[in-house]
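Let me begin by presenting the structure, written as structure tokens, before commenting on it.
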Amino acid sequence: MTVPLHKPLAPDATIGILGGGQLGRMLALAAHELGFRVHVYSDKKDSCAFDVVKNSTCAPFDNWARLADFLNHVDAVTYEFENIPAETAAFVAARKPLFPGVGVLATTQDRVTEKQFVNSLKIATAPFAPVKTSMELSAAFARIGMPAILKTARLGYDGKGQVKLEKGDDLASAWRSIGETPAVLEGFVKFEREISVVIARGIDGKTVAYEPIENVHRDHILHTSTVPAKIPPALAKEAIAIATKIAKALNYVGVLAVEMFVAKKGAKRELLVNEIAPRVHNSGHWTIDGASASQFEQHIRAIAGWPLNSVKRVGKSVTMTNLIGDEVLGWDKLAKEAGASVHLYGKGAAKAGRKMGHVTRVKL
Ligand code: AMP
């Protein structure tokens, strides 16, 4: 059973957010701007979203008594990360409106299920093969060829749980390196560039999509996102059509990001979907300073049953650069840069590979 939202939430209603990282923090800030109260539930003591809300709960996601108490204090619930345990999502959805819904998590928490879902919509992905045992890895390798990437089916992010395989590499050690856990072997795509589409879908089924965003990764972690992406208008339209089809097929409510590769196919270009993120996305952070409404505002509007706002870019181009690990120590220099919008997440000590903040530059 899932509880529906019968009418739009009025200001002063309380939105519950599962997860307390920077995405939860920026969602909470956007919710406050629309007059909502926010209650963050996270299992991590040092959650940076706790700092910006009055009400928070720090408890494991399977502490049913604490979860029930949290649910007594909120009017609708959303999440800032997709690895919410299935039992937790079901427990929440049976008691309060949960957006995006439980079915979305079931589809997107597993790379194999997600890719099969994407292909079922006649949308292309890199060639892939599910792998459950080391024997299956050899068979998958024979089918997919090299180079390839072996990724854990679940719980991978920012390049964690992934290993690239070149010709001659030892399959057994690759299998061990990802923890001998169910996985997917993907053909390595020699992409021209990477893009994403951040799209919002309201309870009424209406969608608004930001223009495609061009993304550059460093060490598997997003480094910069730029709009407009350097792709022809027809391809941009196709990318938005793909994201719209996915959002509709998932009966999605909220903000969704679809990551895609732009690859050459003969004289033409094709789009291959790499990943669906059922939440606000790092590549959409530029929208806080560079668009008429941010992805965080759109997400809160959608889950509150409000109409969506417009998605127009301000300025000729916008670039968002992540501040990873020690890069955040340059905050004082960035603070002096005219026109640079600095966003720091209040995470304390800078750890290698940790997203500590971002800076957005709008070219007018
Ligand atoms: P993912 O965790 O699937 O989002 O992958 C992280 C990054 O690794 C992507 O953004 C790409 O830069 C790279 N990558 C992932 N899968 C592939 C692939 N099949 N071919 C080429 N590069 C990939």
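It should be emphasised that the depicted structure is a prediction, and the values quoted were computed from it without experimental measurement.
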Is any side-chain heavy atom of [Y] closer than 4.5 Å to one of [X]?
X	Y	result
Val74	Ile15	no
Asn322	Thr224	no
Arg37	Pro11	no
Phe99	Leu5	yes
Asn119	Gln116	no
Lys96	Val3	no
Phe128	Thr125	yes
Leu364	Lys316	no

Find out if a path of hydrophobic residues (ILVMFWY) with successive side-chain heavy-atom gaps under 4.5 Å connects Val362 to Val227. yes
Same cluster for Leu308 and Ile288 if Ile/Leu/Val/Met/Phe/Trp/Tyr side chains link at under 4.5 Å? yes
Tell me, with the steps shown, if Asp75 and Phe36 meet side-chain contact (heavy atoms from CB on, under 4.5 Å). CA-CA 10 Å; Asp75 299 288; Phe36 294 113; over 6 Å; no
Taking atom types as modelled, find out whether Ser283 and Ser196 have a side-chain donor-acceptor pair closer than 3.5 angstrom. yes
Only residue of Gln295, His343, His358 satisfying side-chain hydrogen bond (donor to acceptor under 3.5 Å, both in side chains) with His285 is Gln295
Between Tyr41 and Phe61, ring centroids under 6.0 Å: yes
So, [X] and [Y], do they make that salt bridge, N to O below 4.0 Å?
X	Y	answer
Lys268	Glu270	no
Lys333	Glu337	no
Glu214	Lys230	no
Arg111	Glu275	yes
Arg279	Glu80	no

Between Ile246, Leu250, Asn251, Val208, which is the residue that forms a side-chain contact (heavy atoms from CB on, under 4.5 Å) with Arg201? Asn251
Looking at Phe91, I'd like to know if the NZ or CZ of Arg95 sits under 6.0 Å from its six-membered ring centre while staying within 45 degrees of the ring's axis. yes
Cationic tip of Lys355 within the cone over Tyr345's six-membered ring, i.e. under 6.0 Å and within 45° of the normal? no
Just wondering, more than 12 heavy atoms not from Trp306 lying within 6.0 Å of its CH2? yes
